[in-house]
Number of protein chains: 2
Amino acid sequence: MGRDLDIRVSIIEDDETIREGYAFLIGKTPGYKVVSTYPSYEDAAKRIMHDDPDVILLDVELPGISGIDAIPKLKKYLPETNILILTVYEQDLLIFRALGNGASGYLTKNTPHEKIISAIHEVMEGVGPMSAHIARMVIQSFQRNESTPLTRRETEILEQISTGKSRKRIAQELFIDLETVKSHIKNIYHKLNVHSKADAIKTAKDNKFI
Amino acid sequence: MGRDLDIRVSIIEDDETIREGYAFLIGKTPGYKVVSTYPSYEDAAKRIMHDDPDVILLDVELPGISGIDAIPKLKKYLPETNILILTVYEQDLLIFRALGNGASGYLTKNTPHEKIISAIHEVMEGVGPMSAHIARMVIQSFQRNESTPLTRRETEILEQISTGKSRKRIAQELFIDLETVKSHIKNIYHKLNVHSKADAIKTAKDNKFI
DNA sequence: TATAAATCACCCTTTATGGGTGAGCCTGAT
DNA sequence: ATCAGGCTCACCCATAAAGGGTGATTTATA
């Protein structure tokens with residue numbers, strides 16, 4: 001018989017070991033019930049509507065349609081379902097995109113068993129779309145590195161460059177000469193040890209100089 | 001006599017009406033004490049260390065050094081103090097920069113009186129660096145507009161462009177011809193009704209197409 | 001009073017950009 | 001089965017932008 005109050009969990013994860021591991025773990029926990037497991041979004045798409053899960057554990061790195069891209073599709077069919085992202089790495093961008101796509105939280109694959117259960121529980125309680133951990137990451141993502149090799153002006157100009165503006169336009173908007181902008185850019189490139197716009201932007205963003 | 005358990009509040013706000021309004025409001029609330037008010041960061045800098053506030057209400061739009069830039073300076077002298085940003089507009093970028101600089105939360109200037117007190121209380125309780133409201137804004141900021149006029153490929157290419165990469169480099173990384181990239185860009189420009197990289201990036205970001 | 005920052009100048013070559021037009025191929029929807 | 005949209009590539013054109021070298025002036029600030 002099905003206990004009506006069980007939290008219904010569905011798992012979409014291509015690695016069988018991990019998938020079955022989670023299923024076993026969650027299934028044996030009182031109050032939780034694994035209603036289905038799938039190795040890909042494509043497999044899940046056909047039948048997951050009928051499983052009526054409360055929570056979906058979704059791997060980000062799925063073959064075929066990625067977990068990230070699967071989120072809005074799943075949400076479309078199951079708007080009330082909470083999606084928890086499974087990820088190996090705590091990569092800012094992936095997690096942010098997942099949240100943007102409608103995920104309610106995330107778990108790294110080395111998360112201890114108890115935490116997994118409590119994460120599912122929290123997300124069901126509507127503790128909010130963001131755990132303190134994610135909130136911390138988000139704030140960190142907005143924080144600048146205070147030990148930048150770039151001067152104020154250089155940072156300012158690199159920020160302008162990162163918006164796609166030409167040097168001429170930057171010069172006009174900052175009320176300085178094009179030659180001055182060029183000088184700053186040369187200095188930026190030297191300091192960051194790069195030889196192009198794209199590399200300068202990437203290096204600066206990686207190091208949170210901008 | 002000073003009640004030891006009062007929450008010590010300092011206010012930095014250039015508009016006298018608002019400043020005194022908040023001061024009155026908070027001062028008359030049992031458990032709260034306004035220890036100082038300043039019209040600018042420059043005025044506050046000299047003496048705020050001695051006020052030993054628990055919470056600082058800080059206007060973002062200060063004359064001289066802006067509230068945003070004042071945050072790290074204040075944090076340096078008063079690392080234990082929580083800073084609440086006062087802002088007229090709920091502008092994403094400003095708030096995110098404020099959080100990145102170390103602010104603990106924010107209040108809009110039309111916030112009802114009770115909410116102000118409770119925000120101060122929450123931030124003292126360490127309810128977390130983010131209110132549910134801010135969390136919602138953050139998530140929204142990661143969300144894409146689903147009604148984009150751009151195709152998948154066009155979006156992908158515009159994203160690449162926004163990193164500063166040249167068309168040639170984009171072509172190489174996507175394993176397509178330079179001419180194809182050019183075609184996509186022409187279509188992007190037509191759809192967004194722009195005539196340059198910078199404008200395309202700005203329009204797309206404003207509309208959350210990328 | 002040194003040093004760093006910001007400013008501007010003139011040299012050079014190569015690469016990138018913006019725009020027009022046309023065309024083939026594939027896929028999903030009607 | 002047809003047709004539109006999406007992705008691909010081609011060739012045309014002119015101008016703008018980028019990258020790099022060297023040096024010089026001025027203005028804060030330590």
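Naming convention: chains lettered A, B, ... in sequence-line order (proteins, then strands); numbering from 1 in each chain. Keep in mind that this is a model prediction, so the values were computed, not measured.
Phosphate contact (OP1/OP2 of dT17(C), side-chain N/O of Ser166(A), threshold under 4.0 Å): absent. Applying the 4.0 Å criterion to OP1 and OP2 of dA5(C), one finds that Arg152(A) has every side-chain N and O outside that range.
Think of the region where chain B sits on DNA chain D: with heavy atoms and a 4.0 Å cut, that region ends 5' and 3' at dG6(D) to dC12(D).
Closest approach of Ile201(B) and Ser162(B) over heavy atoms only: CD1-CA, 3.6 Å. Taking every heavy atom of both residues into account, Met124(A) and Asn82(A) meet most closely at SD-ND2, 4.1 Å.
Spacing between atom CG of Asn187(B) and atom P of dG19(C) amounts to 12 Å, rounded to whole angstrom units. Between the CD1 atom of Ile185(A) and the C1' atom of dA9(C) there is a distance of 16 Å, rounded to whole Å. The separation between Glu154(A) atom CD and dA4(C) atom C1' is 10 Å, rounded to whole Å. Nucleotide dC26(C) holds its C1' atom 14 Å from the CZ atom of Arg153(B), rounded to whole Å. With rounding to whole Å, Ile170(B) atom CD1 is found 11 Å from dA16(C) atom C1'. When the P atom of dG19(C) is taken as reference, atom OH of Tyr189(B) falls 7 Å away, rounded to whole Å. Here dT17(C) presents its C1' atom at 18 Å from NZ of Lys165(B), a figure rounded to the nearest Å. Between Lys186(A) atom NZ and dC12(C) atom P there is a gap of 14 Å when expressed in whole angstrom units.
Under 4.0 Å is where a charged nitrogen must lie from a carboxylate oxygen, and between Glu159(B) and Arg144(B) at least one such pair does.
For Lys191(B) (side chain) and Pro149(B) (main-chain N/O), a donor-acceptor pair under 3.5 Å exists by modelled atom type.
Within 4.0 Å (heavy atoms only), His195(A) reaches sugar-phosphate atoms of the nucleic acid but no base atom. Contacts of Arg167(B) with the nucleic acid, taken as non-hydrogen atoms under 4.0 Å apart, include base atoms. Contact annotation for Lys197(A): backbone-only contact, meaning every heavy-atom pair under 4.0 Å involves sugar-phosphate atoms and none involves a base. Using a 4.0 Å heavy-atom criterion, one finds that Thr180(A) contacts the bases of the nucleic acid, with or without backbone contacts as well. Among the heavy atoms of the strands lying under 4.0 Å from Ser183(B) is at least one base atom, whether or not backbone atoms are also near.
Nearest to the side chain of His184(A), among dA9(C), dA6(C), dG18(C), sits dA6(C).
The overall bend of the helix from dT1(C)-dA30(D) to dT30(C)-dA1(D), read as the angle between its terminal helix axes built from five base pairs each, is 70° when rounded to 10 degrees.
For Leu174(B) and Lys168(A), each mapped to the nucleotide of DNA chain D holding its nearest heavy atom, the one lying further toward the 5' end belongs to Leu174(B).
Within 6.0 Å of CZ in Arg97(B) there are 12 or fewer heavy atoms belonging to other residues, nucleotides or ligands. In this structure, Lys202(B) places its NZ atom where only 12 or fewer heavy-atom neighbours from other residues, nucleotides or ligands lie under 6.0 Å away. Annotation for Asp206(A): atom CG counts as buried by contact number, over 12 foreign heavy atoms lying within 6.0 Å.
With 3.5 Å as the limit, one finds a donor-acceptor pair spanning the side chains of Ser40(B) and Asp43(B).
Asp199(B) places none of its side-chain heavy atoms less than 4.5 Å from the side chain of Leu192(B).
With Arg19(B) as the fixed residue, the side-chain contact (heavy atoms from CB on, under 4.5 Å) test singles out one of Thr37(B), Asp59(B), Leu57(B): Thr37(B).
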